[in-house]
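Please read the structure below before turning to the comments.
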Amino acid sequence: MASVLRACTAVTALASIATAPVAAQLADTIAEVDPFIGTGGEGHTFPGAVAPFGMVQLSPDTDTSCVIRECYAHAAGYRHDDPTVEGFSHTHFSGAGHSDLGDILVMPVSGETVAMDPGTVVAPGYRSRFTHASEQATPGYYAVTLDGPKVRAELTAGTRVGVHRYAFPAAQAAHLIVDLRTSLYNYPGKILWSGLHLSADGTLTGFRETRGWAPGRKLFFAMRFSAPLTGHALLDRDKDVTYKGFAPPGRGTDRLAEKLGRALEARLDFGALDRPLEVKVALSGVDEAGAVANLDAEPGDFDTVRARTQTAWRDALGAVELDAPAPMKTIVATALYHSLIAPSVWSDADGRWRGPDDQVHHAQGYTQRSTFSLWDTFRAEHPLLTLIQPERTTSDVVNSLLASQRFSPHGILPVWQFAGRETWTMIGYHAVPVIADAYMKGIRGFDANAALDAMVASASYAPYGGLGDYMTRGYVPIDREPEAASKTVEYAYDDWTIARMARALGRNDVAAQFDRRATFWRNSFDVKTGWLRARRSDGAFRAPFDPTAINYGSDYTEGNAWQYSWFVPQDQAGLFRLLGGDARAIRKLDAMFDYDNSKVDYSHAEDIAGLIGQYIHGNEPSHHVAYLYSYAGAPWRTQERLAQIVTSQYKPTPDGLSGNDDLGQMSAWLVFTALGFYPVAPGSNEYVIGRPFVAQAKLRLANGHSFVVNTRNLSDANRYIGSVTLNDRPLNRTYLRDAEIRAGGVLTFTMTDMPNARWGRSLSSRPYSQTTRLAARTSANN
């Protein structure tokens with residue numbers, strides 16, 4: 001999901017990105033990251049501390065109240081234009097279009113009297129003002145000075161731990177508030193149950209169960225301090241709540257204090273301290289014992305954990321070394337950083353994890369992941385990880401998807417999952433292309449036949465999203481299922497990836513079945529009008545019809561006919577033939593980008609951001625569209641549009657993302673585009689060449705090879721590709737094969753100020769997927 005309407009025009013901040021002086025050598029990518037990018041506007045990112053794919057995302061929350069501010073704007077807990085901090089919580093989404101999490105809020109306060117009430121933005125309480133001048137953020141580290149208690153707060157995080165360090169004023173009593181009442185996207189009754197237990201050794205453990213976006217979500221924690229407690233208070237704000245049947249942890253005889261209730265908070269007293277207080281917190285989805293074990297599994301103080309995580313980030317970000325002008329280097333490095341936050345680790349250090357059936361399971365031989373925003377991330381985020389992360393990462397992802405399917409009450413793969421729980425948000429069964437893309441690229445480490453069976457099961461679950469009608473009628477009827485036009489084409493693409501993987505496995509019966517289903521997109525395409533449209537169960541297209549109309553729950557998902565009429569990644573050649581040929585397809589693409597929106601009101605439409613005409617970069621269905629000119633033999637038009645998109649949708653500022661980052665998808669789009677190519681059809685093993693935005697980039701591949709992108713004559717004026725070579729040999733086609741990248745080598749672009757109308761124009765040079773290229777050639781010859 002993307003964001004509320006925010007029409008974007010060309011931004012001059014990047015107008016000179018290509019003409020600024022170029023660095024003499026490839027940069028240390030970690031030094032170029034700015035975690036504040038996306039924390040303003042509708043990017044919905046957070047600036048706090050997180051390890052690569054870490055279970056803990058320790059970050060400031062500037063507002064957790066729907067009453068004070070609209071929840072959507074604070075989906076990540078932090079919003080750059082807020083003046084106060086309520087506290088630091090341990091779980092956050094990076095760029096989601098929905099809000100939840102914000103678990104286990106901790107806030108330092110100083111002095112003898114402590115109010116245990118967050119108050120309002122301006123009222124007394126434990127909320128504190130701060131200034132951006134006092135903030136600092138780098139991968140794995142965040143710091144801010146809290147003006148109220150006059151405390152310098154520092155945060156770092158490991159894989160399953162978060163560490164706080166608070167420097168209190170001299171000679172003043174130090175206190176911590178631990179609040180289990182607060183949550184992102186909060187409302188009365190969201191916290192179903194919580195508990196706090198203080199042990200004799202000073203370890204504070206606890207849990208809470210929430211009824212939020214993912215219902216019945218349980219989270220456990222363990223917390224240790226670098227100084228002994230001098231006192232404490234455990235309070236229950238809702239004493240009359242029944243027990244709800246939630247089984248608490250075992251109560252040992254060493255408990256000094258214990259409190260169970262719906263809405264708990266604690267005040268922990270430490271007296272006057274002569275050194276900063278460190279607070280180490282571990283999370284678990286299993287139980288308090290698991291949280292304690294996770295705490296022990298990552299030893300060390302604040303500086304030790306910070307150094308270990310910085311090393312992990314330097315290694316992860318070092319997979320792409322960059323040479324580019326400073327603004328572009330910053331936004332691409334930060335995009336790479338945002339691409340490496342999710343899917344997050346979900347299993348404990350001992351392999352245990354809580355599944356979609358609310359039972360505890362054991363991940364054997366892999367690490368269970370969660371936080372899957374698959375409708376967004378199948379497009380570029382997951383394909384990027386297959387290149388720049390060790391193959392273990394993708395095999396962990398696939399094994400996690402398969403394990404979730406095994407323990408799903410419905411026997412289907414995740415749709416939008418976090419903390420092991422399904423939210424049923426968005427459409428399609430897009431775990432399928434993630435698995436197929438990995439297998440087609442040669443990534444193993446999972447049972448391929450079991451994976452295919454899980455894919456088929458998800459594509460055959462009739463009660464889900466009109467699939468029963470889709471399988472019998474060949475389309476989803478709008479009078480029986482909302483968003484029917486979008487569902488039809490997204491199912492068809494997913495089916496194509498099933499066919500691809502089945503054929504590679506030699507399961508030709510499955511391949512034939514899903515090859516047929518992959519053509520069902522045609523059943524919702526109105527050849528007479530040239531639009532993808534919703535059909536009724538009687539076969540008629542629904543009328544009246546307005547291709548610009550965007551209504552939640554209507555014919556399309558977070559979009560309209562302008563965006564969804566292009567979503568046929570598996571058969572763009574077939575689509576162009578239905579449109580009347582290349583020239584008409586190009587005219588329609590131009591009409592989309594050049595559309596005059598002055599008379600169109602999208603103020604009612606959520607998740608529509610970054611408009612360029614009817615192209616919506618802030619929402620994913622548009623992400624491949626600029627590359628489609630190359631399918632029509634006009635790659636220079638792709639090059640023009642990409643320059644238009646990059647300069648208007650990305651900035652090295654807090655509002656530098658035009659829409660929600662969506663767990664890395666907006667960022668992964670930029671990383672690929674900056675390198676000069678993009679995976680229009682994951683599962684095809686092809687990347688469409690666009691144009692580069694960096695002078696040089698070096699990809700460190702998992703197999704030990706390196707793939708280098710060099711750009712000659714890069715400037716604002718030289719926005720067109722004059723020629724391309726691969727390993728010093730002319731490359732006249734407008735696509736790269738995955739195997740060519742994995743083999744290592746050098747891709748060299750020479751840029752010019754005028755389009756090269758000959759490069760990439762011939763039919764044989766165009767980026768059709770392997771299963772449609774022969775059909776397209778045959779059709780042209782006939």
Side-chain angles (χ1 to χ4, degrees), residues 343 346-347 351 353 355-357 361-375 377-379 381-387 389-417 420 422 428-461 464 467 490-515 517-518 570 679 681-685 702 738 769-771:
W346 179 235
S347 54
W353 62 283
D357 56 356
H361 308 284
H362 191 267
Q364 295 183 330
Y366 75 100
T367 299
Q368 184 72 23
R369 305 292 186 100
S370 195
T371 319
F372 290 113
S373 180
L374 292 162
W375 183 80
T377 57
F378 83 86
R379 305 165 198 267
E381 161 73 7
H382 286 285
L384 180 64
L385 297 183
T386 68
L387 286 177
Q389 274 285 294
E391 291 188 2
R392 170 70 183 269
T393 299
T394 296
S395 63
D396 277 356
V397 165
V398 174
N399 280 310
S400 298
L401 295 171
L402 298 180
S404 290
Q405 185 267 340
R406 285 197 302 275
F407 302 122
S408 165
H410 304 284
I412 66 174
L413 291 159
V415 177
W416 210 124
Q417 183 202 86
E422 183 57 70
Y429 28 95
H430 296 312
V432 162
V434 171
I435 298 169
D437 187 56
Y439 184 79
M440 297 304 296
K441 290 174 176 175
I443 295 175
R444 300 298 183 257
F446 57 91
D447 185 330
N449 278 291
L452 183 62
D453 291 340
M455 294 157 71
V456 171
S458 293
S460 306
Y461 185 63
Y464 173 71
L467 258 178
E490 293 198 23
Y491 294 165
Y493 164 70
D494 290 345
D495 290 344
W496 174 78
T497 66
I498 293 176
R500 291 271 295 159
M501 184 167 167
R503 185 167 290 104
L505 285 169
R507 294 175 61 175
N508 294 329
D509 55 337
V510 176
Q513 176 189 0
F514 284 89
D515 269 336
R517 285 175 49 161
Q570 74 276 22
S684 68
N685 281 10
D738 183 75
S769 65
Q770 294 172 10
T771 57

Pairwise side-chain contact, Val434 with Thr377, heavy-atom cut-off 4.5 Å (strictly under): no
Distance, nearest 0.5 Å, that separates CG of Asp738 from OG1 of Thr386: 6.0 Å
Closest heavy-atom pair and its distance - Phe407, Pro356: O-CG, 3.7 Å
Side-chain donor-acceptor contact under 3.5 Å, Arg507 with Asn449: yes
Shortest non-hydrogen contact from Met501 toward Ala451: CE-CB, 4.1 Å
NE2-CG distance between His430 and Asp494, expressed to the nearest 0.5 angstrom: 5.0 Å
Euclidean distance, Gln417 CD relative to Ser373 OG, rounded to 0.5 Å: 12.0 Å
Atom of Gly411, atom of Ala457 and distance for their closest heavy-atom approach: O-CB, 3.9 Å
Trace of the side-chain contact (heavy atoms from CB on, under 4.5 Å) decision for His382 with Leu374: CA-CA 9 Å; His382 286 285; Leu374 292 162; 3.9 Å; yes
Test item: Arg369 side-chain N/O and Pro343 main-chain N/O as donor-acceptor pair under 3.5 Å: yes
Side-chain donor/acceptor of Glu422 to backbone N/O of Val415, under 3.5 Å: yes
Donor-acceptor contact present, side-chain Ser458 to main-chain Leu413, <3.5 Å: yes
Backbone of Phe446 reached by a side-chain donor or acceptor of Ser395 within 3.5 Å: no
Stepwise side-chain contact (heavy atoms from CB on, under 4.5 Å) test for Phe372 and Ser400: CA-CA 10 Å; Phe372 290 113; Ser400 298; 4.2 Å; yes
Heavy-atom side-chain contact between Lys441 and Thr394 under 4.5 Å: no
Nearest-0.5 Å distance, CG of residue Leu401 to CD of residue Gln368: 8.5 Å
Minimum heavy-atom distance Ile498-Ala459, with the two atoms named: CD1-CB, 3.7 Å
Thr497 to Met455 - nearest heavy-atom pair and separation: O-CE, 4.5 Å
Check: Asp437 and Phe378 side chains under 4.5 Å, non-hydrogen atoms: no
Residue pair His410 / Tyr461, side-chain donor-acceptor N/O under 3.5 Å: yes
Pair Thr367-Arg392, side-chain contact (heavy atoms from CB on, under 4.5 Å): steps then yes or no: CA-CA 9 Å; Thr367 299; Arg392 170 70 183 269; 3.9 Å; yes
Distance-minimising heavy-atom pair for Trp346 and Ser370: CB-CB, 3.8 Å
Main-chain N/O of Gly445 paired with Asn399 side-chain donor or acceptor, under 3.5 Å: yes
Heavy-atom side-chain proximity of Asp495 to Tyr429 below 4.5 angstrom: yes
Spacing of Ser347 atom OG and Asp396 atom CG [to the nearest 0.5 Å]: 8.0 Å
Approximate separation, where rounding is to 0.5 Å, of Tyr464 OH and Tyr491 OH: 5.0 Å
Criterion side-chain contact (heavy atoms from CB on, under 4.5 Å) on Tyr439 and Arg500, from CA distance to verdict: CA-CA 10 Å; Tyr439 184 79; Arg500 291 271 295 159; over 6 Å; no
